[in-house]
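For reference, the structure is listed below as structure tokens.
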Amino acid sequence: MLAALVGVSLSAAPGTGYYIPVRHTPEALTIQHDPDDLTSVERLDALPPETVIAALKPLLEDPDIPKTGHNIKYDMIVFANEGVELRGVGMDTMVASYLTDPSRMRHNLDEVSLHYLRHTTIPISALIGKGSRQVTFDEVPVDRACGYACEDADMSLRLEGVFRPLLRERGLEALHREIEIPLIHVLARMEMRGIALDPEVFARMSAGLADRLKSLEERIFAAADTQFNINSPKQLQEILFERIGLKPVRKTKTGLSTDVDVLEELAGKHPLPGLILEYRSLEKLRGTYVDALPKLVHPRTGRIHTSFNQAVAATGRLSSSNPNLQNIPVRTEDGRQIRGGFIAGGENLRLVSADYSQIELRVLAHLSGDPAMIAAFRADADIHRDTAARVFGVMPELVSPEMRRQAKAVNFGVVYGISDFGLSRNLGIPRHEAARFIADYFAQYPRVREWLDEVVVRAREEGYVTTLFGRRRYLPELGSRDANVRKGAERAAINTPVQGTAADIIKKAMVDLDPLLERAGARMLLQVHDELVVETEAGREEETAALMRGVMENVLEMSAPLRVDTGSGRNWSEIH
DNA sequence: GCATTCTGCAA
DNA sequence: TATTGCAGAATGC
């Protein structure tokens, strides 16, 4: 069925006017509108918003009238603020562009239209309301056309015509229809809900950090025997490597590196590097989180609202921005205190978190079919311990923490497209030892090595890699004559099916879970790649956790079964 | 003001 | 010379 409603574009700010260009279905609206005379758009602009909303609401909420748009999550939120629940989304051309070629730098309407519609012809009357000459896209007088909201709707509808066959050809229809499109609704609601912060936690931490930073600053200036801007790598270089005369470890593009690896190496030789490290870690927490997040609490909701971007990460993951709630600290004690500032938004509410255990390694085991790795997961073993036992040739009970740490680094490294150089740098061991580790690792997991080799060969032949759900990433750099570029693409060829399949899995879990959570009186708040955080009524934590575990573990049957850990509490730190 | 670089937080 | 992101501060144009 032809999309009945071609385009509706609301201005971003409520009350500033609504542009309602409608073509093909003038009979569907009570608003009188001649589709061949877009000067009437300007008259529509003068209509009271309530009139417009009242006319559009039944259409927008009708699931049987397919809607197409570009970045529909945005429109969905605008509509929701006007009391309209958008239903019947058939295609989001931003998402379609992303599925078609996720590596594109941007999937905004301008660039996607220029790329896919440059050679099409369009009736100029559709854009400026006069004449009927066919013109090429390049000829469209943008200064006139862009004033009309119909341009967005028109371009998006034309793009749908491009992407429908492309999605079909590339086997992406199911992913689009069954996962990405329904996910838009889920994400829109997550963004609108937001998550509550405890202002007192942040105020207390801010004061504490300010004191500690002040004291550190004094000690740093004493150790350096001068005052300088500690946050300036340029000034710090001069102090460390010229004034004090420490030996430079590594260069950056523009100077001498002062990053954490370098400073740790220098810490034995002078007091200053260690003080800088501590200062940096506290300054990071203060500047990026403790002082920044409370400012972003929305005055009306009292909560913090991120944006989940569905068309950024080349592997299929979501990303989060403004603020990024997918990189809230957790590894240090100070970091965990920040997490403790994310709270359930009421006395009678609790947070529940459910996270996939070792999802990427389980995906690797499944994709490669490696019997030893699969067996370890089926036995619900500690995978890093099991790996260490195999690689070091000892019984699992005899694996030391250091052995486990090293095995863990190799397990992670494999998923990233490991090299002996990279592993040696990560573990701080000689390169030949790293090479030995990797060889021993692959001797234990031979099918993993075979899979890694095959995936790169296939990627070179086909030009792309795919996830278990058919998500596709093109890797033209595999043919580069630049060895660095080529090697980088080979690592991406290895990592993308693993990271991307994990992304597919949790996305499907979100879509499946959303209506069930709603029925259980709970609501999804955050996704952090392998973790979902929801808010539920106090006393229903166990019910909610069981629901989440059940859905998440059964999204997909794998030879290495999916496992989910859950927890609950008043705040995000207490959960884990 | 805007873009780039360095740095460091997360999975 | 290990994957994917986002963001703050400094810096330079």
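Reckoned from all heavy atoms, side chains included, excluding hydrogens, waters and symmetry mates.
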* Base of B:dC9 paired with side chain of A:N327 (donor-acceptor, under 3.5 Å) -> yes
* side-chain N/O A:R473 vs C:dT4 OP1/OP2, d < 4.0 Å -> yes
* With heavy atoms under 4.0 Å as the rule, sort A:A314 into base, sugar-phosphate or nothing. => sugar-phosphate
* To do: Would you classify A:N426 as touching base, sugar-phosphate or nothing, given that sugar-phosphate means primed atoms plus P, OP1 and OP2, and contacts are heavy atoms under 4.0 Å?
  => base
* Checking all strands, does A:D420 fall into the base, sugar-phosphate, or nothing category for heavy-atom contacts under 4.0 angstrom? -> nothing
* Looking at every strand, decide which applies to A:R491 at a 4.0 Å heavy-atom threshold: base, sugar-phosphate, or nothing. => sugar-phosphate
* To do: Could you tell me whether A:E360 contacts a base, only the sugar-phosphate backbone, or nothing, with contacts defined as non-hydrogen atoms closer than 4.0 Å?
  => nothing
* Asked: Does a side-chain N-to-carboxylate-O contact under 4.0 Å join A:R189 and A:D514?
  -> yes
* Determine, stepwise, if the pair A:F392 / A:F437 fulfils ring pair (Phe, Tyr, Trp, His ring centres under 6.0 Å). => CA-CA 9 Å; A:F392 292 105; A:F437 271 139; 5.4 Å; yes
* Would you mind classifying the nucleic acid contact of A:V415 as base, sugar-phosphate or nothing, using non-hydrogen atoms under 4.0 angstrom? => nothing
* Please work out if A:I328 contacts a base, only the sugar-phosphate, or nothing of the nucleic acid, heavy-atom cut-off 4.0 Å. => sugar-phosphate
* CZ of A:R250: more than 12 outside heavy atoms within 6.0 angstrom? -> yes
* Identify whether any heavy atom of A:N322 sits under 4.0 Å from a base atom; if not, whether one sits that close to sugar-phosphate; answer base, sugar-phosphate or nothing. => sugar-phosphate
* **Sugar-phosphate only, base, or nothing, as touched by A:V312 at under 4.0 Å among non-hydrogen atoms** => sugar-phosphate
* Taking only N and O in the side chain of A:R331, is any of them less than 4.0 Å away from OP1 or OP2 of B:dA10? -> yes
* Asked: Under 3.5 Å, side chain of A:E191 to main-chain N/O of A:F308, donor-acceptor pair present?
  -> yes
* Have a look at A:T258 and say if it touches a base, only the backbone sugar-phosphate, or nothing, with a 4.0 Å heavy-atom cut-off. => sugar-phosphate
